[in-house]
Amino acid sequence: MTNHDDYSIMIQLFIDDELKGQEREDLISHLKDCARCQEELEEAKSFSVRVRGARPQVEAPPALREKILSHMSNPAQQATSYPPIQKRYSVRPYWRPLAAAAMVLVTVAGVLSISYLRREARAESFVDAAVAEHRGAGDGRPLDVQSDSPDVVATWFAQRVSFPFRIPNAGVAADDRANYTLAGGRLVKFGGEPAALLEFRMPNNRISLLVSSDKLAAAAGGKVTRSAGLNFHAKDLGELHVATWDNKGLTYALISSVAMGGNNSCPTCHRERAAAAATLKRPHERFWHAQPLPEISANQVNHFSY
Amino acid sequence: MMFQKVGRNSENEGFGIEYLDSLYGYALMLTRNSVEAEDLVQETYVRALKAQHRLREDSNIKGWFFTILRNIRLNEIRKGKTGPHLVDVDGEEGGADLLPGHTRNSQEILIGKEDAEQVQVAIGRLSAEFREVILLREFEELSYQEIAVVLNCPAGTVMSRLGRARAKLRTLLAETSSQPLSYRKASR
């Protein structure tokens, strides 16, 4: 004889359309007379509806779709994309080691110089973009996502940018010492790619944080302060104060009219812990102590990762 | 003909392209990294295209794509080719608006969104094994047998794993519901 535990299992199988034949008939027949199982069926059904209703509407990036369709229309393309390169050496065999060493030195020097210049240029344009966005936001441009929840904002951006987006430190918005709150963010462009602009608000101020991949952006120049294993670059641009840093493949630019790193500037944004303040000696240490580290990603806050 | 099972979009667009969004979602769940997820999905289609002649007439194309994707991922993990798991993403609207029903006012929509968000957070707190089986069953609506093929395990294992995953999810949601909103937000 079937007991109620068996019926509980059968009810879930029934909802999943996995119950067939006689067992299905038995359950349907039993349900007509059993209020307890009817209730269980309704509860299980509504739970299933609730879970399915939480299905995130994930869309594959259009570029990925195009790539796949392009591959389908011409599958041989990939196989012929990487032709083997045959090199011919014109130097005599005994000169080859010296020539190779010289070539390596010249190449390394050239690459380093070019790399340095490119990095400087990337850093400059990233700061310019962050400042422009900060000023643009001041003109009342609306936010694409409005929330004071770091994980809501992080998950919103994670689906829209092509780099592994992370908000630096959930504590930025949730820290009980913070005098500012996360307002939300806006999807912007940097280097032709989507980038994330976060906005934080204080009673009489705004703070913007531009986030992009370090393949497109870089942190360089300014006064460098090392903290928690990261180099922070701080400088002033007119009335605005800028701090940039690289971390784990991302580059961040923090823009605010709030002075950063100066004497007694910390309390503007953070209520200090007495113990922490006592152990930190220099003003910039106090500032960087309150900086947004470590980072937050949705999996760190156990947000659903679909 | 095997292509009869592929679906209506295949004639116009491409082989199995109608599963792209689902596969991308699954890849995001497995990799937690949008860049890796894109690579994984692309590689899945490349392999599927090469192997489509092996499909039988009664093959379930969707499950087959999911199986290929998962196998590629497992091979990557074995070879140590995977990067750090950094990104979690979810949907824009939370899916609550897709519930069957009627026109809802903004208050109801807000409540629905919050509930969907709660469920997503709770699913995110499940183990990877439970999360995966919930996604395949509840979101992708694969049958137990199809899930068994994807996960390379018996259908009985799928059933018991799904039962345990749902029980855990219920517990997590009950815990969440009993907490005040401010605490729930702070604890995420």
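It should be emphasised that the depicted structure is a prediction, and the values quoted were computed from it without experimental measurement. A, B, ... follow the sequence lines: proteins, then strands. Residue 1 opens every chain.
For L162(B), the part lying under 4.5 angstrom from a heavy atom of chain A is the side chain only. Heavy atoms of V145(A) lying under 4.5 Å from chain B are absent altogether. If you measure heavy-atom distances from E59(A) to chain B, the contacts under 4.5 Å come from both the backbone and the side chain. With a threshold of 4.5 angstrom between heavy atoms, A63(A) does not approach chain B through any atom at all.
Comment: E18(B) does not engage K62(B) in a salt bridge, judged by the lack of any side-chain N to carboxylate O separation of less than 4.0 angstrom.
Between L40(B) and E76(B), the closest side-chain pair of non-hydrogen atoms falls below 4.5 Å. Two residues are said to be in side-chain contact when any heavy atoms from C-beta on lie closer than 4.5 Å; N231(A) and D246(A) fail this criterion.
Of the listed residues M159(B), R166(B), E38(B), the one with more heavy-atom pairs under 4.5 angstrom with chain A than any other is R166(B). For chain B, the option among S162(A), P61(A), S48(A), G249(A) with the highest count of heavy-atom pairs below 4.5 Å is P61(A). The most heavy-atom pairs under 4.5 Å with chain B, out of V161(A), D17(A), L13(A), come from L13(A).
G53(A) and A116(B) get closest at one heavy-atom pair: O-CB, 4.2 Å.
Among residues two or more places apart in sequence or in another chain, the side-chain hydrogen bond (donor to acceptor under 3.5 Å, both in side chains) test is passed with Q22(A) by D26(A).
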Worksheet entry | Pair Y7(A)-H30(A), ring pair (Phe, Tyr, Trp, His ring centres under 6.0 Å): steps then yes or no | CA-CA 9 Å; Y7(A) 281 126; H30(A) 174 76; 3.7 Å; yes
